[in-house]
J.: 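I have a structure here, written as structure tokens, and I will follow up with some questions on it.
Computed from a predicted structure; not experimentally measured. Naming convention: chains lettered A, B, ... in sequence-line order (proteins, then strands); numbering from 1 in each chain.
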There are 2 protein chains.
Amino acid sequence: MLGDGGRKRAVVFRIGEFSRLTLVPVTTLRYYADLGILVPAYVDPETGYRYFSAEQVPLVNRLLVLKDLGLSLGEVKAVVADELGPDELRGMLRLKRAEIGRRVEEEQQRLDRVEARLRLIEKEGGMPGQEIVIKQVQAVRGLGCRDTVDQMGIGPMFGDVLGGVMMQGATPSGPPMAVYHDPEFDPAAVDMEVLIPTAAPPSGATPGGREIVECVVPAAEAAVTVHLGPYPTLGEAYQALLAWFSEQGRTVGGPAVEVYLTGPDEPGGPVTEVRLPIGA
Amino acid sequence: MLGDGGRKRAVVFRIGEFSRLTLVPVTTLRYYADLGILVPAYVDPETGYRYFSAEQVPLVNRLLVLKDLGLSLGEVKAVVADELGPDELRGMLRLKRAEIGRRVEEEQQRLDRVEARLRLIEKEGGMPGQEIVIKQVQAVRGLGCRDTVDQMGIGPMFGDVLGGVMMQGATPSGPPMAVYHDPEFDPAAVDMEVLIPTAAPPSGATPGGREIVECVVPAAEAAVTVHLGPYPTLGEAYQALLAWFSEQGRTVGGPAVEVYLTGPDEPGGPVTEVRLPIGA
DNA sequence: CTTGACTCTCCAGTGGGTGGAGACCCCATG
DNA sequence: CATGGGGTCTCCACCCACTGGAGAGTCAAG
């Protein structure tokens, strides 16, 4: 058309023209060429210049469409290079559909959380002091015992169990924990389990007066918060957790667990993690 | 508690214990520490060991919550470090809300496209030969002319315009284009505009018999496809495009544009890009 | 031949980590 | 007090899909 005198030379474009034709940036074209996804029709062995043919424009479009459907460049390469059949392609797209669906769901939930947080800020004028996080806590194995005591007996029980475990020669592998088996807190009769995590628990003997046995706190999905301050103020943490449960429309799925990250002798009071399992 | 003889030493955890407490991987804790997001309570200057205090557990939870709301680590750092007020935080969250909303929208549309493609594959048993892509095509400036000719006059018109433009000494900056101004194709009277893109267009003179003037193809959002094969088969491309418009529930927003990437003398026929603007 | 636009290769950086290599440290036991 | 095993350190590379820059070479018009 533009001269060429009848010699049959394929119509090729340099990378810049091709970029203008396809609206794909030059650097990206080079990147695709290096990855082998869009191999130039001809590469000058002297200069390294890449030349693309007009027939490659629809290939670029196919590539863009596949990318737009959410395929990674590796998958795109497999599709355009290996010419994989409609079955594999269908399978791949079904996977993508599931994956994108999941992502939509996730983002929607994230959006809900952001909106809840915004409402909270509007109402309270700032971030709350204690955050509530969902965690998949794994099971904890250790030594301890379960007993029903009144409110005043809680402190002594810790000392008792701790002393008993030490007497057994076991080495704590983490901070002490307690499980409160009563759904309601009754100051007169607290059904609680105190345990010290240990790596390889040797078995039973008696300390001050209670029997030390192997105990397990089961794995759970739990709403978790951390309370800073003396034990009488732990109720705030439970209030916040229960408010969260009612706000989320979820139910409590098991007994509360407290983890005593720091003892009561610290300046500023102890640090206590409170876990409330989420119902199935 | 564990001895310590009454000396006031803060309860600190090594990175592994802290990781177990917070369920954040050790490597990630180190990463956050390096970024200055979660600075250890104490770093041993001799060994470099990082020690975290129990008071930092709620800080980690706050961090996780913020990250979960979609903030980047940089933003999280700004929030936890600079203690920025509720106003900035609110603003940031509002931005996030908009951003996440956009992303939900996008992913939803992507999901729709994947499902449409899956339906297509089920029906046709494979990928279509020609893909349709949405592109923001920018305006093209050049030399050419508009005329109404019959079907047989299209070819000569190209030769005429091309010759005229060459005679002006202008250098084409891209492949020839044509705009078809009739909504319907009437073989007896085709209202078409032929133009050759040029960088700095010099103005008017006459070639074989038509006046060459400066022309512009406006920028547009267009559905684009590329057709391989002789011109009489271009109807397939238009059919595919119109099917796409009706499937997408969109309307055509302007005259069709054809870009002649390759001339008719190529083996295998010419390569032609067809653009149909999308209505506002 | 010069000039300016274009292209080449190579390297670095993005974000939010993950994994490994090789060296050092801590602690409990013998 | 030596030793062993597990924990921790730093540094580097890798993931994805690009994007930007430096410095050198190339192409085409005047």
J.: Is the backbone N or O of B:Leu35 less than 3.5 Å from a side-chain atom of B:Lys77, with the two atoms forming a donor-acceptor pair by type?
T.: yes

J.: Mapping B:Glu17 and A:Thr28 onto DNA chain D by nearest heavy atom, which one lands closer to the 5' end?
T.: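 Nearest nucleotide further toward 5': that of B:Glu17.
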
J.: For B:Pro218, enumerate each residue passing the side-chain contact (heavy atoms from CB on, under 4.5 Å) test, keeping only those at least two apart in sequence or located in another chain.
T.: none

J.: Report the residues that fulfil ring-ring contact (aromatic ring centres under 6.0 Å, His included) with B:Phe18, sequence neighbours left out, ordered by chain and then residue number.
T.: B:Phe52

J.: Mind calculating the distance between CG (B:Leu21) and P (D:dG7) to the nearest angstrom?
T.: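 Distance check: B:Leu21 CG to D:dG7 P gives 15 Å.
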
J.: Can you tell me how far P of D:dG7 sits from CZ of B:Phe18, to the nearest Å?
T.: 18 Å

J.: With 3.5 Å as the limit, what N/O pairs link the protein to nucleotides 9-13 of chain C?
T.:
unit_1 : atom_1 : unit_2  : atom_2 : d
C:dT9  : OP2    : A:Arg50 : NH1    : 3.2
C:dT9  : OP2    : A:Arg50 : NH2    : 2.6

J.: Could you list all N or O pairs between the protein and nucleotides 14-16 of chain C that sit under 3.5 Å apart?
T.:
unit_1 : atom_1 : unit_2  : atom_2 : d
C:dG16 : OP2    : B:Leu73 : N      : 3.3
C:dG16 : N7     : B:Tyr31 : OH     : 3.3

J.: Can you name the residues that form a side-chain contact (heavy atoms from CB on, under 4.5 Å) with B:Gln138, not counting sequence neighbours?
T.: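 side-chain contact (heavy atoms from CB on, under 4.5 Å) check on B:Gln138 returns A:Leu23.
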
J.: Using whole Å, report how far CZ of B:Phe13 lies from P of D:dT8.
T.: 13 Å

J.: Which angle, to the nearest 10 degrees, lies between the helix axes at the two ends of the helix from C:dC1-D:dG30 to C:dG30-D:dC1, each defined by five pairs?
T.: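 End-to-end axis angle for the helix from C:dC1-D:dG30 to C:dG30-D:dC1: 40°, rounded to 10°.
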
J.: Could you tell me which residues satisfy side-chain hydrogen bond (donor to acceptor under 3.5 Å, both in side chains) with A:Arg117, sequence neighbours excluded, listed by chain and number?
T.: A:Glu131

J.: Filter on salt bridge (charged side-chain N to carboxylate O under 4.0 Å, His left out), then keep only pairs touching residues 34-50 of chain A, sequence neighbours left out; what's left?
T.: A:Asp34-A:Arg50

J.: Name all residues meeting the side-chain hydrogen bond (donor to acceptor under 3.5 Å, both in side chains) criterion together with A:Arg113; count only those two or more places apart in sequence or in a different chain, and write none if there are none.
T.: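 Listed in chain order: B:Asp68.
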
J.: Apply side-chain contact (heavy atoms from CB on, under 4.5 Å) to the pair B:Val24 and B:Leu64, showing each step before the final yes or no.
T.: CA-CA 9 Å; B:Val24 175; B:Leu64 292 179; 4.2 Å; yes

J.: By side-chain contact (heavy atoms from CB on, under 4.5 Å), which residues pair with A:Ile134, not counting sequence neighbours?
T.: A:Glu221, A:Trp244, A:Arg250, A:Ile278

J.: Could you tell me which residues satisfy side-chain contact (heavy atoms from CB on, under 4.5 Å) with B:Leu66, sequence neighbours excluded, listed by chain and number?
T.: A:Met127, B:Arg62, B:Leu71, B:Val76, B:Val79, B:Val80

J.: Sort me out a list of protein N/O and nucleotides 22-26 of chain D N/O pairs below 3.5 Å, or just none if empty.
T.:
unit_1 : atom_1 : unit_2  : atom_2 : d
D:dG25 : N2     : A:Tyr49 : OH     : 3.1
D:dT26 : O4'    : A:Tyr49 : OH     : 3.4

J.: Within the 4.5 Å heavy-atom criterion, are B:Val57 and A:Glu273 side-chain neighbours or not?
T.: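 SC-SC contact between B:Val57 and A:Glu273 confirmed.
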
J.: Do A:Glu105 and A:Arg102 come within less than 4.5 Å of each other through their side chains, counting heavy atoms only?
T.: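 A:Glu105 does not reach A:Arg102 side chain to side chain.
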
J.: How many whole angstroms separate atom CG of A:Leu29 from atom P of C:dC6?
T.: 15 Å

